[in-house]
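Right, one structure below, let's go through it.
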Amino acid sequence: MSLKTIESSYKNAKEQYASLGVDTDSALKAMKSISISLHCWQGDDVAGFESDAGLGSTSGIMTTGNYPGRARTGDELRADLDKALSLIPGKHRVNLHAIYAEFEGKAVERDALESRHFVRWLDWAKLQNYGLDFNPTCFSHPKAAAGFTLASPDKGIRDFWIEHCLRSREIAAHFGKKLKSATVNNVWVPDGYKDTPFDRMAPRKHLKESLDKIFQKRYPRTELIDSVEGKLFGIGTESYVAGSNDFYLAYAVSNQLAVCLDAGHYHPTESVADKISSVLLFVKDVLLHVSRGVRWDSDHVVTLTDDLRAIAEEITRHDYGDRLHLGLDFFDASINRIAAWVIGTRNFLKAILIGYLEPRNLLLRVEKEGDYTARLAYLEALKTMPYGAVWEYYCAKNNVPSDLEWLKEVKSYEHSVLEKR
């Protein structure tokens with residue numbers, strides 16, 4: 001599509017939105033403040049760099065597919081991320097797991113990790129002006145083989161993972177300080193039982209005691225934002241998860257930590273969008289992990305669904321400032337991995353833009369007046385407004401390809417780079 005056509009379509013869309021009191025230029029200006037954290041593990045199928053084997057049977061996480069071109073080294077993964085981010089409008093962040101440490105030939109255990117093992121990631125982030133986020137990796141390890149880490153009945157196992165989490169917080173704070181952009185460090189553990197347990201309390205007591213030790217030291221919020229993430233169930237924990245959503249919400253409120261709301265970690269009938277306003281009344285920060293579950297927490301590539309739009313609308317309808325941290329969490333090895341990043345991130349951004357194109361003052365007024373008929377009529381009419389024209393204009397202004405045009409670049413990169421791996 002030519003720039004002239006894009007600009008003409010935008011002009012027409014701008015006039016249509018103006019009839020509802022929406023300034024599309026202001027919506028595009030608001031988009032500049034949106035920064036999404038891309039999850040590095042989409043690029044290598046959550047394999048990490050500890051061994052060539054990748055995820056083991058004790059991971060509690062599973063990726064499926066064998067599409068060629070998986071990143072095998074830090075250099076390959078960073079190059080793939082650069083390519084993906086070049087096709088996404090705006091300035092964004094990258095989310096690392098501890099398993100992406102680079103050892104230069106001499107690996108160390110997870111309870112001995114230091115910031116020097118991530119120096120190449122940090123140098124790259126400085127060069128590209130990316131923010132970095134982080135996660136301890138409490139899975140896919142012999143000391144997670146029994147299904148428990150921080151909630152283990154074995155003190156030695158707990159101590160190992162406590163030290164790993166302590167070092168992860170140190171590394172994350174180092175990132176935040178050096179990049180002058182607070183790093184969100186998110187703790188998730190897969191601990192639980194496949195079948196119904198007799199004692200539900202003991203693992204949670206162990207988990208709480210472990211977390212108390214991990215979060216005893218406080219870092220400046222300008223460097224580190226601590227987050228905890230719950231889950232409804234997982235692979236191998238279908239009947240009981242020690243770190244349930246209830247557990248972590250209570251813990252986050254009690255300790256004023258951020259709570260992570262993952263779109264795939266609740267019952268399918270629950271709305272993550274509805275949780276944001278409730279949780280932010282009691283905690284300072286919320287981390288969103290935007291994913292798409294299909295029948296279960298399957299971490300599919302994010303598409304422009306009603307659920308995604310509802311999350312984005314909650315982001316745009318209120319001024320939460322820097323209290324909302326936006327990230328993605330999906331992994332699909334059955335398709336081009338760079339395309340997966342681009343599709344998912346662009347869809348999330350597109351949903352946010354649609355939210356900014358709502359006639360906020362008009363909708364607030366009719367709702368306050370009790371005119372719910374008008375509210376419903378306007379919300380339904382907005383679904384067919386020409387947001388696509390505004391999106392294409394936004395992409396053009398950010399010097400990234402329009403929808404489907406970016407696919408040509410991904411295919412070219414696949415032929416010239418990925419197929420040679």
Practice problem: Please test F215 against V187 for side-chain contact (heavy atoms from CB on, under 4.5 Å), starting from the C-alpha separation and ending with a verdict. | Solution: CA-CA 11 Å; F215 295 117; V187 175; 4.1 Å; yes
Self-check item: R78/D123 salt bridge by N-O under 4.0 Å criterion
Solution: no
Self-check item: Closest heavy-atom pair and its distance - Y356, S33
Solution: OH-OG, 4.3 Å
Practice problem: State, yes or no, whether a side-chain contact exists between L85 and L38 at a heavy-atom distance under 4.5 Å. | Solution: yes
Practice problem: Identify whether the distance between the nearest side-chain nitrogen and carboxylate oxygen of E369 and R375 falls below 4.0 Å. | Solution: no
Quiz item: Quick one: are I225 and T183 in side-chain contact, heavy atoms under 4.5 Å?
Solution: no
Quiz item: Between E358 and R360, does at least one N-O distance fall below 4.0 Å, as a salt bridge requires?
Solution: no
Self-check item: Side chain to side chain, E409 and L87, heavy atoms closer than 4.5 Å
Solution: yes
Quiz item: Of D191, D262, D297, D329, which meets salt bridge (Lys or Arg N to Asp or Glu O under 4.0 Å) against K231?
Solution: D297
Practice problem: Could you walk me through whether K178 and K126 pass the side-chain contact (heavy atoms from CB on, under 4.5 Å) test, one step at a time? | Solution: CA-CA 8 Å; K178 292 297 183 181; K126 286 180 180 177; 4.1 Å; yes
Quiz prompt | N347/T303 under side-chain hydrogen bond (donor to acceptor under 3.5 Å, both in side chains): CA gap, chis, key distance, verdict | solution = CA-CA 6 Å; N347 276 330; T303 56; 5.8 Å; no
Quiz item: Does any non-hydrogen side-chain atom of L28 lie less than 4.5 Å from one of V390?
Solution: yes
Exercise. Show your working on side-chain contact (heavy atoms from CB on, under 4.5 Å) between E170 and F175 and close with a plain yes or no.
Key: CA-CA 9 Å; E170 290 178 1; F175 288 163; over 6 Å; no
Exercise. Could you tell me whether a side-chain N or O of E419 sits under 3.5 Å from a main-chain N or O of S416, the two making a donor and an acceptor?
Key: no
Exercise. Might you point out which heavy atoms bring H174 and S115 nearest each other, and give the distance in Å?
Key: CD2-CB, 3.5 Å
Quiz item: Is D332 paired with R337 through a side-chain N to carboxylate O contact shorter than 4.0 Å?
Solution: no
Exercise. Measure the shortest side-chain to side-chain distance between L326 and S35 over non-hydrogen atoms and say whether it is less than 4.5 angstrom.
Key: no
Quiz item: With under 30° as parallel and over 60° as perpendicular, where do the rings of W124 and W121 fit, or are they tilted in between?
Solution: perpendicular
Exercise. For residues N336 and V410, determine if any side-chain heavy atom of one lies less than 4.5 Å from a side-chain heavy atom of the other.
Key: yes
Self-check item: Donor on one side chain, acceptor on other, S26 and D23, under 3.5 Å
Solution: yes
Quiz prompt | Beyond-backbone contact of W188 with N135, side-chain heavy atoms, under 4.5 angstrom | solution = no
Quiz item: Charged N to carboxylate O under 4.0 angstrom, E163 versus R167?
Solution: yes
Quiz item: Is any side-chain N of the basic residue among D285 and R323 closer than 4.0 Å to the acidic one's carboxylate O?
Solution: no
Practice problem: May I ask you to decide if the ring planes of Y251 and F247 are parallel, tilted or perpendicular, using 30° and 60° as cut-offs? | Solution: parallel
Quiz item: Judged by atom type as modelled, is there a donor-acceptor pair below 3.5 Å linking the side chain of D226 to the main-chain atoms of N186?
Solution: no
Exercise. Show the numbers, then the answer: is there a ring pair (Phe, Tyr, Trp, His ring centres under 6.0 Å) between Y394 and Y10?
Key: CA-CA 9 Å; Y394 176 61; Y10 176 70; over 10 Å; no
Self-check item: Flag if over 12 foreign heavy atoms under 6.0 Å of OH, Y378
Solution: no
Self-check item: Sub-4.5 Å side-chain heavy-atom contact between Q128 and D82
Solution: yes
Quiz item: W161 vs H141 aromatic rings, parallel, tilted or perpendicular, using cut-offs 30° and 60°?
Solution: perpendicular
Quiz item: Any donor and acceptor pair, going by atom type alone, linking the side chain of N398 with main-chain N or O of V400 inside 3.5 Å?
Solution: no
Exercise. Test the R309-Y387 pair against the cation-pi criterion, namely NZ or CZ under 6.0 angstrom from the six-membered ring centroid and within 45° of the ring axis.
Key: yes
Practice problem: Answer yes or no: is there an ion pair linking D25 with K14, defined by an N-O contact shorter than 4.0 Å? | Solution: yes
Quiz item: Would you say the ring centroid of Y248 lies under 6.0 angstrom from that of H265?
Solution: no
Practice problem: Give a yes or no on whether F103 atom CZ has more than 12 heavy-atom contacts from other residues, nucleotides or ligands under 6.0 Å away. | Solution: yes
Exercise. Decide, yes or no, whether a salt bridge links R346 with D403 under the criterion of side-chain N to carboxylate O below 4.0 Å.
Key: yes
Quiz prompt | E314/R317 ion pair, N-O < 4.0 Å | solution = no
Exercise. Ignoring hydrogens and angles, tell me if any N or O in the side chain of T237 forms a donor-acceptor pair with the backbone of F233 under 3.5 Å.
Key: no
Quiz item: Does the pair E270/K275 count as a salt bridge with the N-to-O cut at 4.0 Å?
Solution: yes
Self-check item: Pi-cation contact, Y240 with K194 (under 6.0 Å, within 45°)
Solution: no
Quiz prompt | Evaluation steps, ring pair (Phe, Tyr, Trp, His ring centres under 6.0 Å), between F139 and H97 | solution = CA-CA 11 Å; F139 53 83; H97 248 284; 5.4 Å; yes
